[in-house]
Amino acid sequence: MEKKNDGFKLLANNKKAYFDYFIEDKWEAGLELYGTEVKSVRMGKVSVKEAYIKIEKNEVFVYNMHISPYEKGNIFNRDPLRVRRLLLHRAEINKLAGKAAEKGYTIVPLQIYLKKGLVKLEIGLGKGKKLYDKRADIAKKDIRRENERDFKIKNI
């Protein structure tokens, strides 16, 4: 029996965002890309680790998102770190701007993926974690690893 494909393919994930922020809300945004950038993204040559998002003049932009130049693109290739516009509805932009204006909140890119042939970026509204929050997360992860290791040894 063949598995039905729902048109979703994860291209890049930002695990560090979940480590550095409490993600409270998520949105799906389209990306304004040029032809060779789309080809490069489809090949998975994209990184959102160092990226951040700003709202300027009622438009949302992503900075520092690296899309490697397409090998066969020659003169049509764009700058890998250029500023790219995100495509959101006006109401979503207003909601994001209002929440991001509150103290301690920031907008971070979480993952980039293909959905029904279109490149989408999942963005999240995050509140920065303190050092002790990060230590607690590391401790939980260590405990989970030890439990998995013990379970694996018992079942051998």
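Scope of the values below: all heavy atoms of this structure, side chains included, with no hydrogens, waters or symmetry mates.
- Proximity of Lys54 to Tyr63: side-chain heavy atoms (C-beta onward) are separated by under 4.5 Å at one or more points.
- Residues Gln111 and Leu121 form no side-chain contact, since every pair of their non-hydrogen atoms from C-beta on lies 4.5 Å or further apart.
- With a 4.5 Å cut-off on side-chain heavy atoms, Leu110 and Lys26 count as touching.
- Contact check for Ile53 versus Val60: side-chain heavy atoms found under the 4.5 Å cut-off.
- At distances below 3.5 Å, at least one donor-acceptor pair connects side-chain atoms of Arg90 with backbone N or O atoms of Asn58.
- For the pair His66 and Glu50, the minimum side-chain heavy-atom distance is 4.5 Å or more.
- The closest side-chain heavy-atom distance from Phe8 to Leu114 is not below 4.5 Å.
- Checked options Val46, Val62, Asn14; the residue passing with Ile112 is Val46 (criterion: side chain to side chain contact (heavy atoms under 4.5 Å, CB included)).
- Here CD of Glu146 is found 6.0 Å from CZ of Arg149. Values are rounded to the nearest 0.5 Å.
- A donor-acceptor distance shorter than 3.5 angstrom exists from the side chain of Glu92 to the backbone of His89, with no hydrogens or angles considered.
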Could you go step by step and tell me if Leu33 and Val41 meet the side chain to side chain contact (heavy atoms under 4.5 Å, CB included) rule?
CA-CA 10 Å; Leu33 299 173; Val41 167; 4.3 Å; yes
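- Here the closest heavy-atom approach between residue Ala12 and residue Val48 is recorded as CB-CG2, 4.4 Å.
- Looking at every heavy atom in both residues, Tyr52 comes nearest to Pro109 through CA-CD, 4.2 Å.
- Between Glu37 and Arg82, some side-chain heavy-atom pair lies under the 4.5 Å cut-off.
- The main-chain N or O of Gly117 is found under 3.5 Å from a side-chain atom of Arg42 such that the two form a donor-acceptor pair.
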Give the C-alpha distance, both sets of side-chain angles, the deciding distance and a yes or no for side chain to side chain contact (heavy atoms under 4.5 Å, CB included) between Leu31 and Val38.
CA-CA 10 Å; Leu31 271 167; Val38 175; over 6 Å; no
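- Using a 4.5 Å heavy-atom cutoff, the side chains of Glu28 and Glu122 are not in contact.
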Walk me through whether Trp27 and Ile107 qualify under side chain to side chain contact (heavy atoms under 4.5 Å, CB included).
CA-CA 10 Å; Trp27 286 271; Ile107 307 166; over 6 Å; no
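- Side-chain atoms of Ser40 come within 3.5 Å of backbone atoms of Ser68 as a donor-acceptor pair (strictly under, hydrogens ignored).
- Using a 4.5 Å cut-off between side-chain heavy atoms of Ile, Leu, Val, Met, Phe, Trp and Tyr, with links allowed through other members, Ile123 and Leu125 fall into the same hydrophobic cluster.
- Taken from CD in Glu56 to CZ in Phe61, the straight-line distance is 6.0 Å, to the nearest 0.5 Å.
- Note that Lys127 lies in the cation-pi zone of Tyr105, set by a 6.0 Å cut-off to the ring centre and a 45° limit from the axis.
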Might you work through the salt bridge (Lys or Arg N to Asp or Glu O under 4.0 Å) test for Glu24 and Lys99, ending with a clear yes or no?
CA-CA 11 Å; Glu24 295 184 4; Lys99 292 200 176 194; over 6 Å; no
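- Going from atom CG of Leu86 over to atom CG of Leu88 covers 6.0 Å, rounded to the nearest 0.5 Å.
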Lys49 vs Asn64, test: side chain to side chain contact (heavy atoms under 4.5 Å, CB included). Steps then yes/no.
CA-CA 9 Å; Lys49 285 188 173 113; Asn64 273 0; over 6 Å; no
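- Going from atom CD1 of Ile138 over to atom CD1 of Ile143 covers 12.5 Å, rounded to the nearest 0.5 Å.
- Rounding to the nearest 0.5 Å gives a distance of 11.0 Å between OG of Ser47 and CG of Asn13.
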